[in-house]
Colleague: 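Here it is, the structure, as structure tokens.
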Amino acid sequence: VQLQASGGGLVQAGGSLRLSCAASGRTFSTYAVGWFRQAPGKEREFVATISRSGSVTYYADSVKGRFTISKDNAKNMAYLQMTSLKPEDTAVYYCATSSSISVERGRYDYWGQGTHVTVSS
């Protein structure tokens, strides 16, 4: 099972990025998908999660209204659309899968390698 996160990069404050998470060896329709991020010197934190069907989503307060999580089960892909980016969004972003939707990092068993997002002021 492998998860591949991509789409990170350098963007100015106020800009947008879309992160993608591709799964191989695992069917997204049977798993919830979460996005987490880790800034330098900080712990990995929850960003957003989406249920197996895609009908339920949860967001961290810090990104609510700016980020949108989605998934395409037919393509085994998940996405994180990020808008109105702020310098404090700078981090390595990880996608992960869980048997059920959760905001807890420990509930996720498989993790992608991470993609860097840098937001300049």
Side-chain angles (χ1 to χ4, degrees):
V1 175
Q2 287 188 328
L3 298 175
Q4 180 79 32
S6 62
L10 173 63
V11 63
Q12 288 188 331
S16 300
L17 280 175
R18 189 176 83 152
L19 305 183
S20 298
C21 179
S24 59
R26 171 159 285 200
T27 304
F28 263 179
S29 62
T30 62
Y31 294 94
V33 178
W35 285 96
F36 293 77
R37 66 186 182 186
Q38 187 167 17
K42 295 187 177 181
E43 290 192 355
R44 193 171 299 187
E45 64 176 5
F46 166 75
V47 175
T49 184
I50 189 166
S51 63
R52 288 174 288 181
S53 67
S55 61
V56 180
T57 57
Y58 296 123
Y59 296 92
D61 288 342
S62 59
V63 306
K64 201 171 294 182
R66 300 188 298 122
F67 291 10
T68 302
I69 188 172
S70 61
K71 65 196 305 240
D72 186 334
N73 287 334
K75 296 182 178 179
N76 259 10
M77 295 288 296
Y79 307 97
L80 185 67
Q81 178 68 49
M82 306 186 296
T83 63
S84 302
L85 283 162
K86 305 174 182 180
E88 49 264 43
D89 294 318
T90 295
V92 178
Y93 284 72
Y94 300 88
C95 61
T97 57
S98 174
S99 58
S100 60
I101 191 170
S102 175
V103 303
E104 297 178 18
R105 185 178 63 188
R107 295 291 300 274
Y108 289 80
D109 49 3
Y110 289 96
W111 293 79
Q113 87 292 355
T115 184
H116 291 257
V117 172
T118 302
V119 184
S120 62
S121 56

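What you see is a predicted model, and the numbers here were worked out from it, not measured in a lab.
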Colleague: With rounding to the nearest 0.5 angstrom, report the OG to CD1 distance, Ser98 to Ile50.
Modeller: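 Interatomic distance, Ser98 OG to Ile50 CD1, rounded to 0.5 Å: 13.5 Å.
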
Colleague: Kindly give the cluster partners of Tyr58, where membership spreads through any ILVMFWY side chain lying under 4.5 Å from a current member.
Modeller: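 Answer for Tyr58: Phe36, Phe46, Val56, Val92, Tyr94, Ile101, Val103, Tyr108, Trp111.
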
Colleague: Side chains of Arg37 and Ser62, heavy atoms from C-beta outward: is any pair under 4.5 Å?
Modeller: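 Yes, side chains in contact.
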
Colleague: Is there a side-chain contact between Lys86 and Arg66, using heavy atoms and a 4.5 Å cut-off?
Modeller: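 Yes, close enough: below the 4.5 Å cut-off.
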
Colleague: Are Leu19 and Trp35 packed together at the side-chain level, in the sense that at least one heavy-atom pair is separated by less than 4.5 angstrom?
Modeller: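 Sidechains of Trp35 and Leu19: in contact.
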
Colleague: Distance from Ser16 atom OG to Leu85 atom CG, nearest 0.5 Å?
Modeller: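 If I round to the nearest 0.5 Å, the distance is 6.0 Å.
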
Colleague: Can you find a heavy atom in the side chain of Gln81 that is under 4.5 Å from one in the side chain of Ser70?
Modeller: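 In short, these two side chains do not touch, never coming nearer than 4.5 Å.
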
Colleague: Do Lys71 and Asn73 have side chains that get closer than 4.5 Å, going by heavy atoms?
Modeller: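 Touching, per the 4.5 Å side-chain cut-off.
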
Colleague: Determine whether Leu80 and Thr68 make a side-chain contact, defined as any pair of heavy atoms from C-beta on separated by less than 4.5 Å.
Modeller: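 No; the side chains remain at least 4.5 Å from each other.
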
Colleague: Any side-chain heavy atom of Val47 within less than 4.5 Å of one from Phe67?
Modeller: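 A side-chain contact exists here, since the closest heavy-atom pair is under 4.5 Å.
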
Colleague: Strictly distance-based, threshold 3.5 Å: is any side-chain N or O of Thr49 a donor or acceptor partner for the main-chain N or O of Val33?
Modeller: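 Side chain of Thr49 to backbone of Val33: a pair is present.
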
Colleague: Using side-chain hydrogen bond (donor to acceptor under 3.5 Å, both in side chains) as the criterion, list what pairs up with Ser121, not counting sequence neighbours.
Modeller: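 If we apply the side-chain hydrogen bond (donor to acceptor under 3.5 Å, both in side chains) test to Ser121, skipping adjacent residues, there are no hits.
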
Colleague: Kindly say whether Arg44 contributes a backbone atom to a donor-acceptor pair with the side chain of Arg105 at under 3.5 angstrom?
Modeller: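 Yes.
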
Colleague: Mind checking what makes side-chain hydrogen bond (donor to acceptor under 3.5 Å, both in side chains) contact with Arg18, not counting sequence neighbours?
Modeller: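 Checked Arg18 against side-chain hydrogen bond (donor to acceptor under 3.5 Å, both in side chains); zero matches.
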
Colleague: Mark yes or no for whether Glu43, through its side chain, and Gln38, through its backbone, hold a donor-acceptor pair below 3.5 Å.
Modeller: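 The answer is no, because no donor-acceptor pair under 3.5 Å joins these two groups.
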
Colleague: How close do Leu3 and Cys95 get, heavy atom to heavy atom, and via which atoms?
Modeller: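 Scanning both residues completely, I find the closest heavy atoms to be CD1-O, 3.8 Å.
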
Colleague: Using every non-hydrogen atom in the two residues, find where Val117 and Gly8 come nearest and quote the distance to one decimal.
Modeller: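 Smallest heavy-atom distance, with atoms named: CG2-CA, 4.1 Å.
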
Colleague: So, Arg107 versus Ser100: side-chain donor-acceptor pair below 3.5 Å or not?
Modeller: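 Short answer, yes.
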
Colleague: Do Tyr79 and Met82 share a hydrophobic cluster (ILVMFWY, side-chain heavy atoms under 4.5 Å, transitive)?
Modeller: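 Not linked; separate clusters.
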
Colleague: Is there a donor-acceptor contact under 3.5 Å linking the side chains of Ser53 and Ser55?
Modeller: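 Yes - a donor-acceptor pair under 3.5 Å links their side chains.
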
Colleague: Treating Asp72 as the side-chain partner and Met77 as the backbone partner, does any N or O pair qualify as donor plus acceptor under 3.5 Å?
Modeller: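 Not confirmed, Asp72 side chain does not pair with Met77 backbone.
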
Colleague: What distance do Lys64 atom NZ and Thr57 atom OG1 have between them, rounded to the nearest 0.5 Å?
Modeller: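 Between Lys64 NZ and Thr57 OG1, I get 9.5 Å after rounding to 0.5 Å.
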
Colleague: Name the one of Leu10, Leu17, Asp89 that satisfies side-chain contact (heavy atoms from CB on, under 4.5 Å) with Val119?
Modeller: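 Exactly one candidate clears the test, Asp89.
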
